[in-house]
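Have a look at the structure below before the remarks.
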Protein chains: 2
Amino acid sequence: MTERATDRFDDWLRARVPARGLRPKAAAVLEVLLSQPRRASYGSAAELAQLAGVNVATVTRTAQALGFAGWPALQQELRARYMSSLSAGQVAAEHSGTGSPSARSLRRDLDSLALLNRRMDEEVLLTIAEAVAAARRTVIVADGSYAAVGLALAHNAGLAGYDVRAVTSGDAELANTVAAIGERDVLIAISFWRLYESTVLAANVARARGARVFAVTDAASPALAEAAEQVVMVPAEGVAFFPSLTAGMAVAQALVTQLAAVDPARTSASIEAAEGMWSKFGLLHRRPSGG
Amino acid sequence: MTERATDRFDDWLRARVPARGLRPKAAAVLEVLLSQPRRASYGSAAELAQLAGVNVATVTRTAQALGFAGWPALQQELRARYMSSLSAGQVAAEHSGTGSPSARSLRRDLDSLALLNRRMDEEVLLTIAEAVAAARRTVIVADGSYAAVGLALAHNAGLAGYDVRAVTSGDAELANTVAAIGERDVLIAISFWRLYESTVLAANVARARGARVFAVTDAASPALAEAAEQVVMVPAEGVAFFPSLTAGMAVAQALVTQLAAVDPARTSASIEAAEGMWSKFGLLHRRPSGG
DNA sequence: GTGAAAGCGCAATAGTCTTTGCATGCAAGT
DNA sequence: ACTTGCATGCAAAGACTATTGCGCTTTCAC
């Protein structure tokens, strides 16, 4: 299957990690390699270093630690693997558009979503959806711009009839909410690009309290992966300075869709109730059924 | 099919050939570009020269003859074109309704994004970006689950150094904010599926007060289209009860990317300042750089 | 057949990228 | 508390890449 292509890419790279493991900064470099293969396969060592938040030298040393002669050697292998994982599927395309930043951004998101589509393991999403469905309550931790994804997830899950709350407004609220987490609860940590200290902390505390913890991220940081039962990897590479939230949003959407399928009756009832309320409050401009 | 994608790629490159044609050696270079795009997009000018049986200098001159500054410039365009022609093809893969709900959701989003990519008029995004850049302040109205898109837009635009605020917490706040809107302001209304009454009202009031009004929506409702100077149409069809926010998020991302390109210096400075603050406050788990 | 013009390779130059030696700071163990 | 070892950043060195000026060679016109 096509899905295996990217898996092979990941596995291949991970298999080269030496027995004694990787130092923190080297691990950071590896994360970037896995989460942004395109950029890594084209860019220079210096560019990669900046993305990983390390010095250029560390990139070279990481390449050597992975068993390559240096960065160019690693990059060459990377190119071959990544490209073949891309072209593994049917290649049919229609592509037009000029090089304006917005057009490039759209194209990039399309690429990322294609990558996500192939890489995504549905089993993981199913596991998370079932956990949320079974939970007493679900808390979503999402800081920075990722808050948007968390909010969307919480909103729609709520609509589907589940108690899902997004914590997005700072450490104080986060502390209070985490304090109330218990054994029958679920915590989902959403984090792209930069990992906030408080997110890791919240995940660890929740885990210690017996809650089930999941993570949605663009790079499997050891700190987060350790606390999480399952990690959903999402490409978040953007064309400008900002990581793209598009693929993350697609995952949120997929998760809610899966959640809605766990107990269709419950979801239908919940949505019907919500629609009733909308009408009652006169919120909508054009009504669902023209009423 | 593959041939179609390649045709596009070929056409684009051939269209850049100057009127008076190419000299023999330059034609040889072009031939290699067309027949081995992968190698060309990764390799150096010297490698390409060897493949074409010409001198390195000829490669550079051919790039210039094709209207690029030099080989690196040509290569960059080549990469973008070639890569997207490859991966956009994944979109055409398997339209079947099989698979888990989450997998279907991802596929649907992928389709939507492909559609968006084809239909999107970059001119509109450019217009909006420039309006926001020129505005004293920008207000984003986004209720319900669309609030997520609005928040993402506001957050990233803020990071890029512009005063963009999302109003998402109800009619009271909306009323207050709209009351402060003036001639030099911009309002962006985001609305999918359901159109909230208050959104239409806000758009009309802002328009009446002389602000520039734009809309992002999945269906051009007359009420909103009337108030808006430009309407961005976004596919938002989901597989379950919920409209998908993925394509909307992609538009937000594209918009911010375009905005960041309006005044790169301003954006860079703003982001640098933000990064400095993150370090100062110790928010991040893995720091950008140990320095 | 001769002169002019243009293509093209050679080689020098300027710039960039990778690697490595060295120093520093942190952490673990005595 | 001191020492030792290791990870990491800094900076210099070395290698490579792209571009451009220069001159040779081919081609076409008269």
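Residue numbering restarts at 1 for every chain, and letters A, B, ... go by the order of the sequence lines.
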If you compare all heavy atoms of B:Val132 against all heavy atoms of B:Tyr162, which two are closest, and at what distance to 0.1 Å?
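Of all heavy-atom pairs spanning B:Val132 and B:Tyr162, the closest is O-CD2, 4.3 Å.
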
Would you name the heavy atoms of A:Leu78 and A:Ala40 that are closest together and state the gap between them?
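Smallest heavy-atom distance, with atoms named: CD2-CB, 3.6 Å.
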
Assess the residue pair A:Arg61 and A:Asn55 against the criterion (side chain to side chain contact (heavy atoms under 4.5 Å, CB included)); give the C-alpha distance rounded to whole Å, side-chain angles, the decisive distance to 0.1 Å, and a yes or no.
CA-CA 10 Å; A:Arg61 292 192 181 109; A:Asn55 189 273; over 6 Å; no

Within the structure provided, determine whether [X] and [Y] are in side-chain contact (heavy-atom separation under 4.5 Å).
X: A:Glu229; Y: A:Val213; result: no
X: A:Leu48; Y: A:Leu33; result: yes
X: A:Val251; Y: A:Leu153; result: no

At under 4.0 Å between heavy atoms, what does [X] touch on the DNA or RNA strands: base, sugar-phosphate, or nothing?
X: A:Ala57; answer: base
X: A:Ala46; answer: sugar-phosphate
X: A:Ser44; answer: sugar-phosphate

Using the side-chain heavy atoms of B:Val54, tell me which of these nucleotides is nearest: D:dT20, C:dG9, C:dT18.
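Among D:dT20, C:dG9, C:dT18, the one nearest the side chain of B:Val54 is C:dG9.
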
Would you say [X] reaches [N]'s phosphate, i.e. side-chain N/O to OP1/OP2 under 4.0 Å?
X: B:Asn55; N: C:dC10; answer: yes
X: A:Gln64; N: C:dT20; answer: yes
X: B:Thr58; N: C:dC8; answer: no

When the distance from [atom1] of [X] to [atom2] of [N] is rounded to whole Å, what number comes out?
X: B:Arg61; N: D:dC22; atom1: CZ; atom2: C1'; answer: 10 Å
X: B:Leu48; N: C:dG9; atom1: CG; atom2: P; answer: 13 Å
X: B:Phe68; N: D:dA18; atom1: CZ; atom2: P; answer: 16 Å
X: A:Gln75; N: D:dC16; atom1: CD; atom2: C1'; answer: 14 Å
X: A:Trp71; N: D:dC16; atom1: CH2; atom2: C1'; answer: 17 Å

Whether over 12 other heavy atoms sit under 6.0 Å from B:Gln50 CD
no

As a check of understanding: the bend across the helix from C:dG1-D:dC30 to C:dT30-D:dA1, end axes from five pairs, rounded to 10 degrees, works out to 20°

